2 protein chains.
Amino acid sequence: MRPGPRRSISQADIVDTAFRLLEEKGFAAVSIRGVAAALGLTPTAMYTYFASKNALLRAMVEQLLSTIDVGAASDAEVIWRGRVTALAGALRTRLAAHAGSMVLVTSGPLDGPNALGLSEVLIGGFTAEGMTPADAAHSARAVWAYVLGIAAVDAAERAGELGHARPPSDGETLWTDAAAFPLTAATADAARADDGFGWGLDRLLDGLTSAVPAALSAP
Amino acid sequence: MRPGPRRSISQADIVDTAFRLLEEKGFAAVSIRGVAAALGLTPTAMYTYFASKNALLRAMVEQLLSTIDVGAASDAEVIWRGRVTALAGALRTRLAAHAGSMVLVTSGPLDGPNALGLSEVLIGGFTAEGMTPADAAHSARAVWAYVLGIAAVDAAERAGELGHARPPSDGETLWTDAAAFPLTAATADAARADDGFGWGLDRLLDGLTSAVPAALSAP
DNA sequence: ACCTGAACACCGTTCAAGT
DNA sequence: ACCTGAACACCGTTCAAGT
């Protein structure tokens with residue numbers, strides 16, 4: 001209860017405020033100056049807590065990942081397939097919650113404790129299924145990639161909902177008529193209704209688990 | 001050969017210059033003002049060609065995708081597995097060539113002609129393997145997601161190579177010791193040497209093709 | 001149609017100075 | 001240790017005006 005050496009505000013307060021601005025006003029509002037103002041601070045005071053804007057972004061990634069329950073994913077009583085699926089779904093949900101998540105995630109390596117904890121659980125789970133350490137690491141990476149990739153495509157599609165740029169009127173435009181793509185057009189509505197995240201993840205896990213010699217793969 | 005109505009510069013020139021700046025000086029250099037200066041134009045003149053910076057970014061995505069040979073991927077003489085693999089590899093190579101590619105790709109929906117052409121080939125290929133249109137669309141989306149996801153993870157890792165932010169000295173830091181993740185640490189070098197892109201893609205395609213009733217899946 | 005110049009409302013980051 | 005104020009070198013975008 002003794003008063004700590006640091007006054008007024010903590011790193012966690014700054015990250016929380018940054019997320020609030022991200023939700024309320026979008027990624028552009030997540031600026032050193034904007035967050036500082038929201039906290040009643042001067043922009044320069046921010047550099048007491050984070051060495052750069054990028055350091056703040058990476059702290060936000062860690063906070064985002066910290067809300068995922070890795071403990072449940074480590075519970076060996078539940079079959080592995082169910083645990084990876086839950087983990088991937090949770091990660092996907094967190095990434096989908098904020099439009100700017102992809103920029104956050106690519107702000108630096110996923111090497112914070114929460115990111116490493118997630119990787120650890122994934123590699124451990126695949127290893128327990130009979131994979132070699134190298135295959136388990138590649139499998140974990142593939143699952144990360146799939147989830148991040150779906151999040152990226154989702155984010156890109158949402159980005160287009162507001163303000164579509166129009167082609168510049170004359171015949172020299174780079175864009176051509178989209179009616180030339182019948183298969184894409186025919187399946188666009190179906191893809192929108194059910195984006196197939198779960199289905200694709202199941203197929204990926206099918207392929208990954210079929211790689212283990214003594215196949216224990218789930219349905 | 002008659003002189004066109006538009007003088008000095010074309011949309012394609014602007015996109016080319018933007019890519020040159022991206023390669024030479026990184027994503028931060030791809031600004032309306034920066035590209036304009038490199039072309040000897042005033043920033044405001046840029047708005048004659050593109051309605052916004054985002055429109056320029058999306059044109060860059062299309063130019064990036066235009067270098068992928070979709071024709072070869074449509075050649076039914078070659079087995080489908082080989083064609084998807086080549087297509088995904090080419091896309092991955094293009095995305096890896098520029099550090100800022102992920103920001104580009106998430107600047108809006110992948111709905112330009114080149115992006116749609118790629119989707120069309122993917123959906124068509126999976127359909128020809130015996131998939132329902134819906135499954136083929138989901139499979140195409142899964143392949144996109146996997147490739148974009150690997151590119152995102154790669155970009156994130158490269159972003160960390162320059163300028164690592166240090167934790168802020170005291171015990172209240174958000175970051176903990178990375179030595180607590182033995183599996184991740186043990187496989188980190190292997191993952192760096194061979195990122196498993198091809199292996200993971202093969203597993204994904206295994207899983208996807210195993211979904212077709214009369215299985216024609218390749219090794 | 002294409003381009004300029006001036007202006008508006010912002011950025012991240014550094015530095016010297018205060019307490 | 002934490003914070004302020006002033007400054008530097010930038011942004012995207014709009015508007016009125018020129019040719």
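Labels below follow one simple rule: chain letters A, B, ... track the order of the sequence lines, proteins then strands, and each chain is numbered from 1. Predicted model, so just to flag it, every value in this text is computed and none were measured.
- Atom CG in Leu41(B) sits roughly 12 Å away from atom P in dG5(C) (whole-Å rounding).
- The phosphate of dC2(D) has neither OP1 nor OP2 within less than 4.0 Å of any side-chain N or O from Thr48(A).
- For the pair Lys53(B) and Phe27(B), the cation-pi test (distance below 6.0 Å, angle within 45°) is passed.
- Side chains of Arg94(A) and Ser101(A): a donor-acceptor N/O pair is absent below 3.5 angstrom, by distance only.
- The line from CZ of Arg92(B) to CG of Leu87(B) is 14.5 Å long, rounded to the nearest 0.5 Å.
- Going from atom OG1 of Thr48(A) over to atom CD1 of Ile14(A) covers 8.5 Å, rounded to the nearest 0.5 Å.
- Contact check for Leu183(A) versus Thr187(A): no side-chain heavy atoms found under the 4.5 Å cut-off.
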Contact pattern, 5' to 3', of nucleotides 8-13 of chain C - B, S or - by protein heavy atom under 4.0 Å: ---BBB

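- Separating the P atom of dC10(C) from that of dA9(D) is a span of 22 Å, rounded to the nearest Å.
- Atom OH of Tyr49(B) is separated from atom C1' of dC2(C) by 7 Å (rounded to the nearest Å).
- A straight line from CD of Gln11(A) to C1' of dC2(D) spans 14 Å, rounded to a whole angstrom.
- A salt bridge links Arg141(B) with Asp154(A): the closest approach of a Lys/Arg side-chain nitrogen to an acidic carboxylate oxygen falls below 4.0 angstrom.
- Remark: P of dC3(D) and CG of Leu39(A) are 10 Å apart, rounded to the nearest angstrom.
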Bracket notation of DNA chain D in which parentheses pair within the strand, [ ] cross earlier pairs, and | pairs with another strand (Watson-Crick or G-U, under 3.5 Å): ||.|||||...|||||.||

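- If you measure from atom CE of Met46(A) to atom P of dT14(C), you get 14 Å, rounded to the nearest angstrom.
- Checked for salt-bridge contact, Glu24(B) and Arg20(B) meet the test: a charged N lies under 4.0 Å from a carboxylate O.
- Evaluation of the side chain to side chain contact (heavy atoms under 4.5 Å, CB included) rule for Thr184(B) yields Leu116(A), Ser119(A), Glu120(A), Ile123(A), Phe181(B) as partners, not counting sequence neighbours.
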